[in-house]
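Every chain is numbered from 1, with letters handed out A, B, ... down the list of sequences.
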Amino acid sequence: MTRILAETYPDAHCELDFGTPLELLVATILSAQCTDKRVNLVTPVLFAKYRTPADYAGADRAELEEIIRSTGFFRAKTNSIMGMAQALCDRYGGEVPGKLKDLVTLPGVGRKTANVVLGNAFDVPGITVDTHFQRLTRRFGWTTEVDPVKIEHAVGDLIPKSEWTQMSHYMIWHGRRICHARRPACGVCPLASLCPAYGEGPTDPAQAAKLVRSGPFS
DNA sequence: ATCCCGAGGG
DNA sequence: CCCTCTGGAT
């Protein structure tokens with residue numbers, strides 16, 4: 001299955017726009033329950049105005065909220081960003097730490113966000129167990145665990161560490177395009193013959209093709 | 001109506 | 001374990 005995913009999505013990558021670890025950290029916090037496309041619409045304005053953790057920590061709350069408003073959960077995300085930035089100033093000398101243990105201590109930064117930053121800004125292998133990854137591992141029969149941390153460890157044992165980050169991208173891309181939460185496009189899925197969950201969505205190719213999401217998200 | 005690369009709190 | 005936070009796209 002890994003090989004087919006790699007062949008299907010040869011250029012799978014993080015779709016959030018960023019230039020620095022701090023920018024990726026902020027973009028990933030904004031990406032909760034929001035499309036990457038929407039995040040990429042607000043971050044150019046955001047990154048131009050706030051360049052350092054001190055900038056975010058000292059931001060005018062209402063002003064920051066207004067910029068990120070369209071990404072949803074804007075009050076909670078503002079709290080997370082400002083709290084995270086304050087913690088970077090207080091405890092990490094204004095730098096984004098490159099270790100999971102440190103990242104998850106930051107307000108608003110959970111394990112999933114931390115692994116995104118590690119894998120894509122620090123080249124430290126990380127398995128990103130988001131909603132897609134969770135759903136696909138279950139359908140693929142890779143693990144019966146439901147707890148994200150247990151899934152992370154189970155899959156980590158199945159796959160070489162050097163492939164963790166790229167595997168996460170394959171799963172997320174496949175989840176977004178074909179293996180949807182509701183009505184997965186089984187009829188056009190390249191993994192159909194290998195998938196224990198084949199049939200959970202329409203198996204008719206013509207019907208399945210209508211469900212495929214591609215363009216507007218990539 | 002349902003979903004989008006979640007995290008924190010009860 | 002559950003709930004809440006939130007707007008936009010389809």
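Remark: aromatic rings of A/H13 and A/W173 are close, center separation under 6.0 Å.
Remark on DNA chain B: of its neighbouring residues A/L106 and A/H13, the 5'-side contact belongs to A/H13, judged by nearest-heavy-atom nucleotide.
Computed from coordinates, the A/N40 CG to B/dC5 C1' distance equals 12 Å when rounded to whole Å. Distance A/N115 CG to B/dG6 P: 14 Å, rounded to the nearest Å. Counting to the nearest Å, the P atom of B/dC4 and the CZ atom of A/R183 are 15 Å from each other. What separates CZ of A/F73 from C1' of B/dC5 is a distance of 14 Å, to the nearest Å. Put simply, NE2 on A/H169 is 9 Å from C1' on B/dC5, counting in whole angstrom units. Spacing between atom CG of A/D36 and atom P of B/dG6 amounts to 9 Å, rounded to whole angstrom units. Summarising the geometry, the separation between CG on A/L211 and P on B/dT2 is reported as 16 Å, rounded to the nearest angstrom. We find that NZ of A/K77 is positioned 8 Å from C1' of C/dT6, with the value rounded to whole Å.
Note on A/R176: every side-chain N or O is 4.0 Å or more away from OP1 and OP2 of B/dC4. Checking the phosphate oxygens (OP1, OP2) of B/dC4, no side-chain nitrogen or oxygen of A/R38 falls inside 4.0 Å.
Remark: the A/T128 side chain and the A/R111 side chain contain no N/O donor-acceptor pair separated by less than 3.5 Å. With no hydrogens or angles considered, a side-chain donor-acceptor pair links A/H174 and A/Y9 at under 3.5 Å. A side-chain donor-acceptor contact under 3.5 Å links A/D90 and A/Q86.
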Show every donor-acceptor pair shorter than 3.5 Å between a side-chain atom in residues 141-149 of chain A and any protein atom, with sequence neighbours excluded, or say none if there are none.
{"from": "A/T143", "atom 1": "OG1", "to": "A/E145", "atom 2": "N", "distance (Å)": "3.0"}
{"from": "A/D147", "atom 1": "OD2", "to": "A/K150", "atom 2": "N", "distance (Å)": "3.4"}

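Rounded to whole Å, the separation between the C1' atoms of B/dG9 and C/dG7 comes to 22 Å. B/dG10 and C/dT6 have their P atoms separated by 16 Å, with the value rounded to a whole Å. Taking atom P on both C/dC3 and B/dC5, the two are 24 Å apart, rounded to the nearest angstrom.
Residues of residues 123-156 of chain A having a heavy atom closer than 4.0 Å to DNA chain C: none are found.
Within 4.0 Å of A/T113, counting heavy atoms only, lie sugar-phosphate atoms of the nucleic acid but no base atom. Residue contacts shown for A/V116 include a base, since a base heavy atom lies under 4.0 Å away.
Between the CG atom of A/N120 and the CG atom of A/L24 there is a distance of 6.0 Å, given to the nearest 0.5 Å.
Tested against A/E15 for a side chain to side chain donor-acceptor pair (under 3.5 Å), the candidates A/H169, A/R176, A/K37 yield a single pass: A/R176.
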